[in-house]
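As a basis for the values below, the full set of heavy atoms in this structure was taken, side chains included, without hydrogen atoms, waters or symmetry mates.
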Amino acid sequence: MAVAFTQQEEAIILRQLRHAARESAVSLGVRRTTVDALAAAAGISKGAFYKFYASKELLFFDVLEDMHAEIYGEAASVLFKNTDLSPADRASEAVLSACRAMERSGMMAFVERDVAYLLRKVPEDYQKKHYHSDEIHVRELLESADLAPAGGMALASAVVRGLMLTISHQNEIGALYPDVLETLVRGACGRLFS
């Protein structure tokens, strides 16, 4: 017998599924997380899981986009709070905020371990419908803040992505990582927004 959920129950279950997937994304990873574990965390059966997502990969893909949106949302908040700063300093503060948010979220482990796998497993039409690349996020942020980078949006996006990827090298850099990150960000933003 099929179980019907109310809209409120569906919203709660979706929130619980995303929460469980997010915790697994930064710890176990997609491949080591089972649908059984995700369903149990949401208090539903494995069969009921498939009423919400056709596969666990689609759930993790949505979690990836949620994490992206949160990180860039934090950057946007900082960008719009610092309107009295120069364009280079505004951009620097926003990028540093995004890097710190990404570091706190544990997203880098998820990206390094699972994103390539997800991009192979998630149908292209679903990706196009649901996924916003770093370039889209950066472009939207800069355009909404009336910041025009020297070299164009594609370069600015690639620079921001490159700066954020330094997070995966913080152990090799050591205790000076925060200073190194700030130096790189301020130098890059100074050049892009001088």
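- No chain of hydrophobic side-chain contacts below 4.5 Å, direct or via other Ile, Leu, Val, Met, Phe, Trp or Tyr residues, connects L17 to I12.
- Both Y53 and Y50 belong to a common hydrophobic cluster when Ile, Leu, Val, Met, Phe, Trp and Tyr are linked at side-chain heavy-atom distances under 4.5 angstrom.
- With salt bridges taken as basic N to acidic carboxylate O contacts below 4.0 Å, one links D66 and R18.
- Side chain of S77 to main chain of G73: no donor-acceptor pair is present (N/O by atom type, distance under 3.5 Å, no hydrogens or angles).
- Ring pair Y117/F60: centre-to-centre distance not below 6.0 Å.
- I167 and V78 fall into different hydrophobic clusters, where Ile, Leu, Val, Met, Phe, Trp and Tyr are joined by side-chain heavy atoms under 4.5 Å apart, directly or via other members.
- Contact of the E57 side chain with the Y126 side chain is not registered, since no non-hydrogen atoms from C-beta on lie closer than 4.5 Å.
- The minimum heavy-atom distance linking T33 with S24 is given by the pair OG1-CB, 3.2 Å.
- Hydrophobic clustering (ILVMFWY, side-chain heavy atoms < 4.5 Å, transitive): L192 and L85 are in distinct clusters.
- K56 has its side chain out of reach of T34: every pair of non-hydrogen atoms, C-beta onward, lies at least 4.5 Å apart.
- Scanning all heavy atoms of the two residues, the minimum distance from Y177 to E103 falls at CE2-OE1, 4.1 Å.
- Shortest non-hydrogen contact noted between A39 and F49 is CB-CB, 4.3 Å.
- The number of heavy atoms from other shown groups lying within 6.0 Å of CZ (R31) is above 12.
- Under the 30°/60° scheme for interplanar angles, the aromatic rings of H137 and Y72 are found to lie parallel.
- Between I71 and M107, the shortest heavy-atom contact is CD1-SD, 3.2 Å.
- In this structure, E74 and R104 have side chains that are in contact, with non-hydrogen atoms separated by less than 4.5 Å.
- The neighbour count for R161 CZ, taken as heavy atoms of other residues, nucleotides or ligands under 6.0 Å away, is above 12.
- The CG atom of L176 sits 12.5 Å away from atom CD of E182, with the distance rounded to the nearest 0.5 Å.
- Nearest heavy-atom pair across G151 and L155 is O-CB, 3.6 Å.
- A 4.5 Å side-chain heavy-atom check between L28 and E23 finds every atom pair outside the cut-off.
- In this structure, the separation between CZ on F193 and CG on D89 is 11.5 Å, given to the nearest 0.5 Å.
- Using a distance-only test at 3.5 Å, with no hydrogens or angles considered, no donor-acceptor pair links the side chain of S157 to the main chain of M153.
- The minimum heavy-atom distance linking V63 with A21 is given by the pair CG2-CB, 3.8 Å.
- Under a cut-off of 6.0 angstrom, the local environment of CD in E172 is crowded, with over 12 non-hydrogen atoms contributed by other residues, nucleotides or ligands.
- Salt-bridge annotation for R15 and E10: absent, with no side-chain N of the basic residue lying under 4.0 Å from a carboxylate O of the acidic one.
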